[in-house]
Amino acid sequence: MSAEPRPPHFIEQIVAGDNESRAWGVWSRADAGPLDDPGAKGDAARARLGRPRVHTRFPPEPNGYLHIGHAKSICLNFGLARENGGKFNLRFDDTNPAKEEQEFVDSITRDVRWLGADFEGPYGGGLHFASNYFGTMYGYAVELIKKGRAYVCELSAEEVSKRRGTPTVPGTSPFRDRPAPDSLRLIDEMRRGLHADGSMTVRARIDLASPNFNLRDPVLYRILHEHHHNTGGEWCIYPMYDWAHGLEDSIEGITHSNCTLEFENHRPLYDWFIDAINEGRTEDGSGPWGPRIHHPRQIEFAKLQLSSILLSKRNLRRMVEEGFVAGWDDPRMPTLSAFRRRGFTPESIRALCDDVGCTKFESLIDLARLENACRDHLNKVAPRAMAVLNPLRVTIENWPEGRVEHLNFVVNPEDPGAGTRTVPFSRTIYIERDDFMEHPEKGFFRLAPGAEVRLRWAYFLTCTGVEKDASGAITGLRATIDPATRGGDAPVGPDGKPTRKVKGTIHWVSCDHALPAEVRLYDRLFTTEEPGKATGKWEDDINPLALQVVRAFVDPALAGARYRPASENGADVGDRYQFERLGYFCVDPDSGAGFGGRGTAGLVLNRTVTLKDSRPKAQRP
RNA sequence: UGGGGAUUGGUGUAACGGUAGCACAGCUGACUCUGGAUCAGCUAGUCAAGGUUCGAAUCCUUGAUCCCCAGCCA
């Protein structure tokens, strides 16, 4: 998008500074990667040797689908690893068995791959699960109890809440002075399943008077007798996010723990945990506690917010569960699965994330920028075709019945390598109803009675008559073509210059050859920039026109269009086209089997985004 | 009413004591077999008030506005 590379943002600057000072050391033979690998992974591993360590991660909880907001974090973290020759981990933060499901692990894995953050490629540090570290974390908790830094508390959730205090009044717990041996016995009993859910917790002993509530003796473990998607029935106590998260980064050797702004208040807690664990530990591992553990640097940035879009998991879940949309991948949703189904490319999403930069300012990005990024990319790569969404039949009176010509059609003017194909032309064609005005208004330069336009790649056409039904509605047009304009070029005079010009060019399809298709015209789900802001209920701002379905006639070349499983970074994607003058469209999986889809019908197409409309604002529909 | 953050054109983003720049949007015009694309130009900004300084978006003071925090969620 940008002509010049964007200047480095603040996190990139921090990383560059850390590289300069070797703040995180350098990659060694032990952690650089598979040096013997003959492919790209080996190349990256060998290049990594001796370079400053940069190791990032994307740590989603598998409790929902990834949305466009996550894309920013994925691009940031993967980009940092790639640009610095480092590594990027995909890690599931699966510390709450009650909320997490395999379906979400699968969708997230697929979506991260689709975006291009290849966590198993040359810059990949692999796929990880926080739940694999439960044993290590438990050991750290026991260590903290032994050090007098944690205790078992038997306050109920309600009592903890009641005793939390206020910003100026300290909290209390009658258990915080429980002797370490007692807490040790109790945590063991908790782990062994001897206590009921909610009966007790492990808490850090920090500061019940801190104005930062995160430091008011936060809970480390709660009892949950639940089946876990990864560890099954192995555990009945589960670590809280705050306790687990920083440790996960530490265990994986993450150098820069990038997260969103709301965790700024948690950073002192994460630092406290690691410092407390490191208390008494030594560099060489001598002494009672072993070697010091890694202490990552957390950096907070503002999450991506887009206008006319809702991104909280709670709201997305409601939209799906209460039927506002058809599912997580309904093309009206802001999930990555939905954007993919709608026809957005990973390149365009990455371009947006790169374009908006990264700061601590909570900005609201105009959704149009994502749409523009998509147009930008698709313009360069999408093959062109013609389709008529709202057909008006035109009979060409000076074209013989039954005669068919195959005219040359440029597949993509932006890409000469895409070549040409042919498109059939016959006596009756469909044109777009909007491209005709019986009484043309000022500035309208398409078809009107007596007016001449160019049929794209075909002939100049002059409207000679209008057919109407009893109610006066226009049912068809009569017209003639100029045989001397075959191919769409004006005849040239003796001076080699065109003898006449037409201002308008319209698209068309031959009635006898057109392929019928269901076209789903998508628009934004909400009519306001900040849904629900006015009334407090986003339901009030739902756009009833976010989906309109039309029966269209499309270019016969679309007979070859397909929905293709595992075709784009392993994800299922439909073929994408530009329908000239209309926008970008792609094959939906609801298409019939003949088109590679899972549905029973014929061809189903989604409108990804319209073409830009540069008519003066007053003239736009 | 405690603590933690933030504030530069319409929207984003740079400038790290030394000419407020870039992108997108908007508006003109050129070109065009897509009212697309492309090309050229224009419009438009440092939250406020003081202070330090030869010089302040940048440093200091005070204030304004917005966001986050009192889950056994993440």
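Letters A, B, ... mirror the listed sequences (proteins, then strands); counts begin at 1.
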Legend entry - Full working for ring-ring contact (aromatic ring centres under 6.0 Å, His included) between A:W243 and A:F273: CA-CA 8 Å; A:W243 167 240; A:F273 283 148; 4.9 Å; yes
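Relative to the side chain of A:T201, the nucleotides B:U34, B:A74, B:C72 differ in distance, and B:C72 lies closest. Listed nucleotides B:A37, B:G12, B:U34 differ in distance to A:F361; the shortest reach to its side chain belongs to B:G12. Among B:A74, B:G12, B:A6, the nucleotide with an atom closest to any side-chain atom of A:K360 is B:A6. Among the nucleotides B:A70, B:A74, B:U34, the one closest to any side-chain atom of A:N96 is B:A74. Which of B:G35, B:G5, B:A74 sits closest to the side chain of A:R446 comes down to B:G35. Nearest to the side-chain atoms of A:R164 among the listed nucleotides B:A70, B:U13, B:G3 stands B:A70. Picking from B:A37, B:U13, B:G2 the nucleotide with the shortest atom distance to the side chain of A:N379 gives B:A37. For A:T359, counting side-chain heavy atoms from C-beta on, the closest listed nucleotide (B:C69, B:A14, B:U34) is B:A14. Here the nucleotide nearest the side chain of A:V160, chosen from B:G12, B:A37, B:C72, is B:C72. Here the nucleotide nearest the side chain of A:P211, chosen from B:G35, B:G2, B:U11, is B:G2.
Geometrically, A:R267 does not engage A:Y270 in a cation-pi contact, judged by NZ or CZ lying under 6.0 Å from the ring centre and within 45° of the ring axis. The cationic group of A:R421 lies under 6.0 Å from the six-membered ring centre of A:F409 and within 45° of the ring axis, placing it in a cation-pi geometry.
Distance CZ/A:F436 to CZ/A:F444: 8.0 Å, rounded to 0.5 Å.
Distance CZ (A:F263) to C1' (B:C69): 12 Å, rounded to an integer number of Å. Taking atom CZ of A:F213 as the reference point, atom P of B:C72 lies 12 Å away to the nearest angstrom.
OP1 or OP2 of B:A15 lies within a sub-4.0 Å distance of a side-chain N or O belonging to A:Q13. In this structure, A:R163 does not reach the B:C72 phosphate: none of its side-chain N or O atoms is under 4.0 Å from OP1 or OP2. Residue A:R314 places no side-chain N or O under 4.0 Å from the OP1 or OP2 atom of B:A74. In this model, the phosphate group of B:G35 is approached by a side-chain N or O of A:R581 to a distance below 4.0 Å at OP1 or OP2. Contact annotation: A:T95 reaches the phosphate of B:A74 (side-chain N/O to OP1 or OP2, under 4.0 Å).
Residue A:F579 is classed as having no contact, given no heavy-atom separation below 4.0 Å to the nucleic acid. Nucleic acid contact class of A:E414 (heavy atoms, under 4.0 Å, all strands): base.
The nearest heavy atom of RNA chain B to A:Y221 and to A:N214 marks one nucleotide each, and the one closer to the 5' end goes with A:N214.
The backbone N or O of A:F213 sits nowhere less than 3.5 Å from a side-chain atom of A:S210 that would complete a donor-acceptor pair.
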